[in-house]
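Step one of this worksheet: look at the structure below.
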Amino acid sequence: QVQLVESGGGLVQPGESLRLSCAASGFTSDYYAVGWFRQAPGKEREGVSCISWKDGSSYVADSVKGRFTVSRDKAKNMVYLQMYYMEPEDTAVYFCAARRGHYSGADYLSTWLFRGPYDSWGQGTQVTVSS
């Protein structure tokens, strides 16, 4: 069973950077997509970025493009979301999710990010951007 555990959230000031980590376990092959999502109070969940576990191809949503990057370290079973130039609007609970399948390339990854399905979720980590 896939388990995901997020970490790295916290309070940062506008303009600062933060890196979130998603520790993954239970993968039975290399064919997984892992995505980052966020949900702010009173708002719907938003897909932020995702990555192919096998080949590292990735997709970043337009809403954060140029400020967020996603990466993975297969040796450590970790997926990271690096956030730069953070804004108060980035305040949210951030989740990672995974889906088994052959997801590769931005087109396929973006379709999965926004349409799912999502097999496994982490518990989330709070990110607050405030001065």
Side-chain angles (χ1 to χ4, degrees):
Q1 182 174 354
V2 172
Q3 291 189 327
L4 305 169
V5 179
E6 303 93 337
S7 61
L11 173 64
V12 297
Q13 294 189 352
E16 293 186 338
S17 301
L18 193 66
R19 188 179 79 163
L20 304 182
S21 301
C22 174
S25 61
F27 283 2
T28 57
S29 75
D30 273 354
Y31 294 99
Y32 285 86
V34 180
W36 284 98
F37 302 79
R38 66 185 182 184
Q39 187 163 22
K43 295 188 177 181
E44 293 187 355
R45 185 183 64 205
E46 175 189 13
V48 174
S49 185
C50 59
I51 190 166
S52 166
W53 186 254
K54 180 168 177 60
D55 63 17
S57 57
S58 63
Y59 172 80
V60 178
D62 288 345
S63 59
V64 298
K65 190 169 292 183
R67 298 192 300 117
F68 290 14
T69 62
V70 63
S71 62
R72 57 89 167 100
D73 185 331
K74 295 177 73 175
K76 296 181 179 179
N77 284 343
M78 298 289 284
V79 177
Y80 303 104
L81 182 69
Q82 179 69 56
M83 303 181 289
Y84 301 98
Y85 307 109
M86 296 189 70
E87 303 168 352
E89 292 73 22
D90 296 323
T91 296
V93 179
Y94 284 71
F95 301 88
C96 60
R99 164 72 174 177
R100 184 177 180 181
H102 193 178
Y103 296 91
S104 180
D107 288 346
Y108 285 106
L109 287 167
S110 64
T111 298
W112 173 75
L113 183 70
F114 296 124
R115 299 183 183 179
Y118 317 107
D119 293 341
S120 304
W121 289 89
Q123 83 290 349
T125 186
Q126 175 71 47
V127 172
T128 302
V129 185
S130 175
S131 56

Fill in the blank from the handout: So the disulfide bond (SG atoms under 2.5 Å apart) pairs with at least one residue in residues 98-131 (sequence neighbours excluded) are none
Practice task
For side-chain contact (heavy atoms from CB on, under 4.5 Å), just list the numbers for Asn77 and Arg72, CA-CA rounded to whole Å, side-chain angles, deciding distance to a tenth of an Å, and then say yes or no.
Solution key: CA-CA 8 Å; Asn77 284 343; Arg72 57 89 167 100; over 6 Å; no
Exercise for the section: Determine, using the 4.5 Å side-chain heavy-atom cutoff (strictly less than), whether Val70 and Val48 are members of one ILVMFWY cluster. Expected result: yes
Practice task
Determine, using the 4.5 Å side-chain heavy-atom cutoff (strictly less than), whether Tyr31 and Tyr108 are members of one ILVMFWY cluster.
Solution key: no
Exercise for the section: Could you pull out the closest heavy-atom pair between Arg38 and Ala92, with the gap in Å? Expected result: CB-CB, 3.8 Å
Exercise for the section: Could you state whether Tyr94 and Tyr80 fall into the same hydrophobic cluster, counting links through intermediate Ile, Leu, Val, Met, Phe, Trp or Tyr residues with side-chain heavy atoms under 4.5 angstrom apart? Expected result: no
Completion exercise
Between the CG atom in Asp107 and the OG atom in Ser57, the distance rounded to the nearest 0.5 Å is 10.5 Å
Practice task
May I ask you to test the Val60-Trp36 pair for a side-chain heavy-atom distance under 4.5 Å?
Solution key: no
Handout entry: Main-chain N/O of Pro117 paired with Trp112 side-chain donor or acceptor, under 3.5 Å
Key = yes
Problem - Any side-chain heavy-atom pair of Met78 and Val34 under 4.5 Å - result: no
Completion exercise
Sorted by chain and residue number, the side-chain hydrogen bond (donor to acceptor under 3.5 Å, both in side chains) partners of Asp30 (sequence neighbours excluded) come out as Lys74
Practice task
Could you label the plane-to-plane angle of the Phe114 and Tyr59 rings as parallel, tilted or perpendicular, counting under 30° as parallel and over 60° as perpendicular?
Solution key: perpendicular
Practice task
Tell me whether the centres of the aromatic rings in Trp121 and Phe37 are closer together than 6.0 Å.
Solution key: yes
Handout entry: Side chains of Thr91 and Met86 in contact at under 4.5 Å (non-hydrogen atoms)
Key = no
Exercise for the section: For residues Tyr32 and Arg99, determine if any side-chain heavy atom of one lies less than 4.5 Å from a side-chain heavy atom of the other. Expected result: no
Give every donor-acceptor pair under 3.5 Å between a side-chain atom in residues 1-10 and any protein atom, sequence neighbours left out.
{"residue": "Glu6", "atom": "OE1", "partner": "Gln123", "partner atom": "N", "Å": "2.9"}
{"residue": "Glu6", "atom": "OE1", "partner": "Gly124", "partner atom": "N", "Å": "2.8"}
{"residue": "Glu6", "atom": "OE2", "partner": "Cys96", "partner atom": "N", "Å": "2.8"}
{"residue": "Glu6", "atom": "OE2", "partner": "Gly124", "partner atom": "N", "Å": "3.3"}

Practice task
List in chain and number order the residues that pass ring-ring contact (aromatic ring centres under 6.0 Å, His included) with Phe68, two or more places apart in sequence or in another chain; answer none if no residue qualifies.
Solution key: none
Using a 3.5 Å cut-off and no angle test, enumerate the donor-acceptor pairs between side-chain atoms of residues 15-27 and protein atoms at least two apart in sequence or in another chain.
{"residue": "Glu16", "atom": "OE1", "partner": "Gln13", "partner atom": "N", "Å": "2.9"}

Problem - Within-4.5 Å side-chain heavy-atom neighbours: Pro14 and Pro88 - result: yes
Exercise for the section: With rounding to the nearest 0.5 Å, note down the distance linking OG1 in Thr128 to CG in Asp90. Expected result: 11.0 Å
Problem - Met83 side chain near Val64 side chain, heavy-atom distance below 4.5 Å - result: no
Exercise for the section: Answer yes or no: is there a side-chain heavy-atom contact under 4.5 Å between Thr125 and Val93? Expected result: no
Practice task
Would you please test Ile51 and Leu109 for side-chain contact (heavy atoms from CB on, under 4.5 Å) and show each step?
Solution key: CA-CA 7 Å; Ile51 190 166; Leu109 287 167; 5.7 Å; no
Problem - Under 3.5 Å side-chain donor-acceptor pair for Gln82 and Ser71 - result: no
Problem - Hydrophobic cluster partners of Tyr85 (side-chain heavy atoms under 4.5 Å) - result: Tyr84
Practice task
Starting at OG of Ser63, measure out to CD of Glu89 and round the result to the nearest 0.5 Å.
Solution key: 11.5 Å
